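Here's the structure we're looking at; comments come further down.
Side chains are part of it too, since the values below use all heavy atoms of this structure and drop only hydrogens, waters and symmetry mates. Since this is a predicted model, take the numbers as computed values, not measurements. The sequence lines fix the lettering, A, B, ..., with proteins before strands; numbering per chain opens at 1.
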Amino acid sequence: MDKYILRRSIIVFPTALAVVTLVFLILHFAPGDPARIGLGQVASSEDIERARAQLGLDDPLLIQYVRFLTRMVTGDLGTSFITHEPVVGLILSRLPVTLQLTFMAMLLSTIVGVSAGVISAVRRNTAYDYLTLTAAVIGYCTPNFWLALLLIIIFSVNLRWLPSIGKQALDLKYVILPTLSLSAPLIAIIARLTRAGMLEVINSDYVRTARAKGLAERAVISRHALRNALIPVVTVLGLQLGSLLGGTVVVETIFSWPGIGWLLFSGISQRDYPVVQGVVLFYSVVFMFVTLAVDIGYSYLDPRVRYE
Amino acid sequence: MTNRRISRRTFVKAVGVATGGLMLASCAPAAPPAPAAAPAPDEPAEGGTLTVAVRSPIGGLDPAKIVGYPSGPAILYLISNKLVRVGTDLKLYPDLAESWESSDDGREWTFKLRDDVTFHDGTPFTSEAVRAHFEHARNPEVAATSSTRFDQITSIETPDDYTVILRTDEPFGPFLNYMTAFMRVTMSPASYEKYDAKEVGLHPIGAGPYKVVEFKPNVSLTLERNEDYHGGRPALDRIIVIPVPEASARANLLRTGEVDVAEDIPVEEMADLEADPNIRVIRQKSLNHVGASFNFDHPPFDDIRVRHAFNYAIDKVTLVDTVFGGAATIMDSPLAPGMIGYKSIGTYSYDPEKAKALLKEAGWEDTDGDGIVDKDGEPFRTTYAYYEEFLRSAEVAQVLQSDLKKVGVDLELRAVELASYGASILPERGENPFGMWLWKFNPSAGSSTRYLTFDFRSNPEPTGLPYEGNAGWYSNPELDALFAEAWLEVDQEKRAEKLGEIQEVIWHDAPWLWLYMSDLLVGVRENVHGVDVYPMSFLHLSEAWKEE
């Protein structure tokens, strides 16, 4: 088992290098010149050349790459072109509010999604089941920027129940709308997966045996069926963290939520290379480690994985 | 000059067609004048916090390197002042300078400074602050643009604490306009000593009506009343600025009352917001010229008849009514009304028959009956580039496409990402793939000469990158000569006369498909007063006050 973890952990390094290289290349071959963006439309070609030299953008690509790698290894993500703050500091200062949002969304999705899925499976082909399935399809298909605006119109503009701006991250009422907008697709996915998993397990032999030996239905469902049905859900939860992080860019921008997604948004709109690079790298590394954690966690839930 | 904020017009409520994205709105013919809003109390009330939702994240507030246009300059105007101020009426007013004069040869400008001004950090405002201001703009570490450095100024003299003499090698016509640009906002000289040149933008210390309490770059900014402001006690206790890039989100925040002022509200929500009794919509005519620049290197756009045909082919009246709900002005000169030397020349009014005739004269005729005109067997196909982030540009592009189709031109639309737009439109000569593109210019200092030369003066080098905004490589030597004269003319009246000639030439040459200037729309809560908008797109908040 330790061997499995070790093998999975070692693979992280080449993956990280590939990610770093990709991020570097994508940004440099993406159209748009940060020197020009920094100077605005009214800039002469001499001004642009000077800015390029100052930003180190006139060096050969390989030199820029080596410089970039060396800095990465020492944990230096550079300083923002715009505010001149270290990117690591920027990310760390924005991290808590994004984590809060992501965590709340995960929690909400898991609780609502799993419960809805289980009830749906237990009462399959009832009106409740159809309602859940329909809601899941709608929830999954709704783009979160649109959902966010819709929620604002309903709960902030018309009902006046909740604020539409996330200026106080610690107060619960500011968290509700962003969390809802962010978690809707994930709730849908989890509900459907749980339902499918439960249906498969409920009809299996060991569940029938459990029922046959006289266990209460509640115990059959929660202790025997759910545990197995949740295996694919755990995997998907981990993998969906990526899309949750992606979703924070949109949701944070709409709700003026001062997290990493908002940092990425302003970085992109100001063509602030170091910030964009830093955040994308950060997201990728988080994603890699989450995948690793999921794989390892999976091996505990389902011992068969370890011996493959 | 008249008050440039036009009265509210009532619109027949628009029906948004979700699929086409086109807003169909029609102007009610001979609409009765809107009932006057409840009269505002005369005396500005004191106190209160004004929360402002701006459209761009503000990353730094160094006047030499502002990050977040046009929100940044508007906020900068709350924090400090310039020697010469331009009003929302585009007239010049004394600000930190009490008076100024230019020498007879137009090469020397003497400014007499106010002696009662103190920066927020206690540093007195003197001529040394003006020197420090220019030295900072020219600090190579700041890497500011040429107009920010104000390269025309070759010597700065400070004979005493309250006199500054600025010299230029040649007489420089738009000198005073340049002095009113937002880059000329003067900050405390002590801040340049205290902070690194690159970081002063994070610690803005000015002499303006409000001082910075907390600045979180790109996230929020809190300002507080400057009790010692030389222009009188400012009305508000605090101003909180939050960037909200999504336009509908800004409008919603205004509806809920979470913000008091929303910059740049979407034109499609204008009618709905105007109907809300708690909200007023301020409309200001802008200087933001929008048109389609022709690529002179792509025949047949080198043929003036074709350019004229395009100008006659577009129904601008319908465009302004349908796409902007009437909140735009059709260009009738390369300059916007209100700018120095503006001369109304006349519109290329919608005339598809004339357009067809001009195309025919240029050799373009539909010989094979496919609805597209052709010449030597080649159909007239060209591409138009635009970026979707710009206000209703996609809808405008669709109008161009359908109107040009009616005169037999097949226009292909290409949406280019904003970040790469400049590079796509301004590559080395010969590498620009587009026949036409969305082009606009917002003269941030209101300088006519600056704007006209930026876009219409011949590029000095015949190859390579375009020097400034003339990406279509339009070139008219007669015009260049007129520009040279206008640059040297310090006398405002004589310069206006030169500008009149220049406008005629450019208008007739039609290097652009002339379109419109869309109005600036700002939403405020009904209890907020004194908010205005500069025609160059900046909010004017320093006189704002709030009824509690």
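Although no hydrogens or angles enter the test, the distance criterion places no donor-acceptor pair under 3.5 Å between the side chain of A:T253 and the main chain of B:P245.
Here the side chains of B:K216 and A:P258 are not in contact, with every heavy-atom distance at 4.5 Å or above. Side chains of A:S156 and B:R255 form no contact here, defined as non-hydrogen atoms less than 4.5 Å apart.
The shortest heavy-atom contact between B:V244 and A:I254 is CG1-O, 4.5 Å. Considering all non-hydrogen atoms of both residues, B:P217 and A:R94 come closest at O-NH2, 3.7 Å.
The contact between A:F265 and chain B is made entirely by side chain atoms (from C-beta outward), counting heavy-atom distances below 4.5 Å.
With values rounded to the nearest 0.5 angstrom, A:I152 atom CD1 is found 9.0 Å from B:T256 atom OG1.
Surrounding OH of B:Y195 are more than 12 heavy atoms belonging to other residues, nucleotides or ligands, all under 6.0 Å away.
With A:S266 as the partner, the side chain to side chain contact (heavy atoms under 4.5 Å, CB included) test is satisfied by one option alone out of B:V219, B:N218, B:I58: B:N218.
The choice from B:P243, B:S220, B:S248 that makes the most heavy-atom pairs within less than 4.5 Å of chain A is B:P243.
Using a 4.5 Å heavy-atom cut-off against chain B, no residue of residues 63-70 of chain A qualifies as contacting.
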